[in-house]
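The structure appears below as structure tokens.
A quick note: this is a predicted structure, and the numbers were derived from the prediction, not measured.
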Amino acid sequence: MTFDVVLVWAVLTALIAGVTRGFSGFGGALIFVPLVSAVYGPRIAAPTLLVIDTALTLPFLIQAFRACMWRQVAPLAAGAVLTVPLGVAILGWIDPLVLRWFFAALSLAMLALLVSGWRHSGGHGLPTTFGVGLLAGVLGGAAQMSGPPVVAYWLGSGQPSSVVRANLFGFFALATLSSGTAYAVSGMITHEVGLLSLILGPAYAVGLFTGNRAFRGASDDHFRRVAYGIIGLAALASLPIFDGLLGR
């Protein structure tokens, strides 16, 4: 890709990721990280999303904090905080191409699980909830993709979309504090990350507020269908086998 095409690709990705995040409370990283990693690499894409999402989701947090179920959110967040540094370390150790394949495969696997209508019957016991948080922390540190196991866990319990969405905003707010600290200590919040955040931030902001407006009045079924469709298309488009077709 030429520089102009790369930038347009990244801006459009930020817009779509913002719409998905604003609508469903999750999915932004599943779209942003694989697609932006395709042109900038995971070590730039992941911290850029952290900076943008942290700054722009603040207006949504007050309402979400009131609505989320903290007895479910707190154990997940605690587990995630413990394993975020491991995820950050993995980001520095593993080849970017391997990470891209893993991210795409994870997105598609979790999407298939959710679309299948799978529901778990394990309730929200502390050991299970904490374990899901541990896995989410690794994925969050490596690619700001802590959402898949958390979303599968909460949607798999059959809870209303409004509760799931509020829980996700609460969880990501707490998990991001740990990720941001780990990225800063690892020297990953660079000048390039800051510049790219400034460029992509406005598109992500437009997407967030558009998605949030679209969520109002949406049914649980609509909530699932729209989010799943966008995430599925993004996961497929991010597969490295399409690099030649996209000029990456």
Minimal heavy-atom distance between A46 and V33, with the atoms involved, is CA-CG2, 4.4 Å
When rounded to the nearest 0.5 Å, the distance separating CD1 of I31 from CD1 of I16 is 7.0 Å
CD of Q72 to CH2 of W154, rounded to nearest 0.5 Å, is 6.5 Å
**Report entry** side chain to side chain contact (heavy atoms under 4.5 Å, CB included) evaluation trace for I199 with L195
**Finding:** CA-CA 6 Å; I199 295 172; L195 182 60; 4.2 Å; yes
In short, P59 meets F209 closest at the heavy-atom pair CG-CZ, 4.4 Å
The side chain to side chain contact (heavy atoms under 4.5 Å, CB included) partners of R66 (sequence neighbours excluded) come to I62
dist I90:CD1 -> L86:CG (nearest 0.5 Å) comes out at 4.0 Å
In one Ile/Leu/Val/Met/Phe/Trp/Tyr side-chain cluster, 4.5 Å: M188, I52
yes
Task: Donor-acceptor contact present, side-chain R165 to main-chain P160, <3.5 Å - done: no
Connected via hydrophobic side-chain network under 4.5 Å: V19 and V206: no
Could you tell me if the side chain of N212 sits less than 4.5 Å from the side chain of L208, heavy atoms only?
no
When every non-hydrogen atom of A203 is compared with those of V11, the smallest separation belongs to CB-O, 3.6 Å
Output for pair (L139 CG, L134 CG), nearest 0.5 Å, gives 11.5 Å
For V51 and Y183: C-alpha separation, side-chain torsions, deciding distance, then whether side chain to side chain contact (heavy atoms under 4.5 Å, CB included) applies.
CA-CA 10 Å; V51 171; Y183 284 174; over 6 Å; no
Distance col, row L49:CG vs R21:CZ, nearest 0.5 angstrom, shows 8.5 Å
Shortest non-hydrogen pair, I44 vs T48, comes out as O-OG1, 2.7 Å
M69 backbone acceptor or donor facing N167 side chain under 3.5 Å
yes
Under 3.5 Å, is there a donor-acceptor pair between the side chain of S219 and the main chain of H222?
-> yes
So OG1 of T57 and CG of L168: to nearest 0.5 Å the spacing works out to 12.0 Å
Original post:
Hey, quick one: are L177 and I189 part of the same hydrophobic cluster, counting side-chain heavy atoms closer than 4.5 Å, chains of contacts allowed?
Top reply: no
Cluster link V81 to F65, ILVMFWY, side chain under 4.5 Å:
no
Applying the 4.5 Å side-chain criterion to the ILVMFWY set and letting contacts propagate, would L135 and V164 be lumped into a single cluster?
yes
Heavy atoms of T13 and F32 approach each other most closely as CG2-CA, 3.8 Å
* To do: Apply side chain to side chain contact (heavy atoms under 4.5 Å, CB included) to the pair V6 and Y40, showing each step before the final yes or no.
  => CA-CA 9 Å; V6 165; Y40 288 103; 3.5 Å; yes
Taken in chain and number order and not counting sequence neighbours, the residues that satisfy ring pair (Phe, Tyr, Trp, His ring centres under 6.0 Å) with F102 are none
Quick one: does F171's side chain get under 4.5 Å of V150's, heavy atoms only? yes
In short, W70 meets C68 closest at the heavy-atom pair CE2-SG, 3.3 Å
Taken in chain and number order and not counting sequence neighbours, the residues that satisfy ring pair (Phe, Tyr, Trp, His ring centres under 6.0 Å) with W101 are none
